[in-house]
Amino acid sequence: VLSAWLLSVGLTPYQHRPDAYFVEESTSSTSYVRAEVTKVERNSGEARIVEGPQKERTIRIQFYGMIPQMGGTVLVAGDTTTDDVNAVSQPWRIPVLVFLVASMIVLVLLIGGRQGLLSIVGLGVSILIVAAYVVPRVLAGADALLTSITGAFMIATIAIVIAHTWRWRTAISLLSVYVILAIVVGLAVLSGWLANLSGVYDETSSILNVGTGSLDMYGILLGGIIIA
């Protein structure tokens, strides 16, 4: 693992780039609350707030690009204090997403059985590594590329061992994955170098910079490619 990691980093033209700087602007956080649609008239209607300090209050809403159904749940600004028309942020998608994830898990278990269960556990561990190791270290100022490479090797190792248990064939699979990961890292860095990528494409990139001071957007871009 260490050899593959050193080769993937040392044999590429990657150079850690200084933090990406953005012009600081005054930003104010906006909280959102759920509201149940009680009336729909073309592109506007009414909704009843179902949570927060203004629970049970009825407000006027405006739809942009979407028209929800009666009884549907949408997100609106939580600091609504006037009778002005409130723009609907987006529909409340969490129940649908939970249903889709649950359906996927059930199908994997029905089709894959024990092997499917182990694969789901491996996927969960992969998500945990990204959420608990990669993201916090990048936000803390660690080198984004090196952190992502380390996370990728950790994910590959743990996910494969969990899904296939430890045996000689698993060791051969791990060795193959390490070689492929090293090649992927080299190609990602080489492509970024040849294409002169920076990781900053428009003002939207500055959202990642809010509250962190500065980030290595180039390293984040390459790290995302490698982990994906």
- Task: State, yes or no, whether a side-chain contact exists between L75 and W92 at a heavy-atom distance under 4.5 Å.
- Result: yes
- Message: Between M154 and L139, is there shared hydrophobic-cluster membership here, with clusters defined by ILVMFWY side-chain heavy atoms closer than 4.5 Å?
- Response: yes
- Query: From R169 CZ over to L174 CG, what is the distance, rounded to the nearest 0.5 angstrom?
  - Reply: 13.5 Å
- Heavy atoms of A144 and G219 approach each other most closely as CB-C, 3.5 Å
- Message: With heavy-atom distances below 4.5 Å as the criterion, would you say the side chains of T170 and R167 are in contact?
- Response: yes
- Message: Whether the Y133 and T147 side chains hold a donor-acceptor pair (N or O, under 3.5 Å, no angle test) is what I'd like checked.
- Response: no
- I226 side chain reached by L145 side chain, heavy atoms, under 4.5 Å: yes
- Message: I'd like to check M104 versus L100 (side-chain heavy atoms, cut-off strictly below 4.5 Å). Are they in contact?
- Response: no
- Out of curiosity, does V184 fall in the hydrophobic cluster containing W193 (side-chain heavy atoms, cut-off under 4.5 Å, transitive links)? no
- Heavy-atom pair with the smallest gap, counting every atom of P136 and A131: CD-O, 3.2 Å
- Would you say V74 and M70 are hydrophobically clustered, going by side-chain heavy atoms of ILVMFWY under 4.5 Å? yes
- Query: Which distance, rounded to the nearest 0.5 Å, do you find between the CD1 of I227 and the CD1 of I149?
  - Reply: 9.5 Å
- Query: How many angstroms lie between atom CD1 of I183 and atom CG of L190, to the nearest 0.5 angstrom?
  - Reply: 13.0 Å
- Item | Distance, nearest 0.5 Å, that separates OG of S191 from CD1 of I225 | 7.5 Å
- Report yes or no: does E51 contribute a side-chain atom to a donor-acceptor pair with the main-chain N or O of R34 at less than 3.5 Å? yes
- Task: Treating Ile, Leu, Val, Met, Phe, Trp and Tyr as nodes and any side-chain heavy-atom pair under 4.5 angstrom as an edge, say whether V130 and V138 lie in one connected cluster.
- Result: yes
- Item | The single option from I105, I111, V106 passing side-chain contact (heavy atoms from CB on, under 4.5 Å) against L109 | I105
- Task: Only one of E46, K39, E36 passes side-chain contact (heavy atoms from CB on, under 4.5 Å) with T58; say which it is.
- Result: E46
- CD on Q115 to CG on L117, rounded to 0.5 Å: 9.5 Å
- Task: Kindly compute the distance separating CG (L181) from CD1 (I155), expressed to the nearest 0.5 Å.
- Result: 9.5 Å
- So, do Y178 and T157 sit near enough that their side-chain heavy atoms are less than 4.5 Å apart? yes
- Hey, does R48 have a side-chain heavy atom less than 4.5 Å from the side chain of R57? no
- Task: Answer yes if V177 and V161 sit in the same cluster of Ile, Leu, Val, Met, Phe, Trp and Tyr residues linked by side chain heavy atoms under 4.5 Å apart, and no otherwise.
- Result: yes
- Looking only at heavy atoms, which two atoms of V134 and G151 are closest? And how far apart? CG2-CA, 4.1 Å
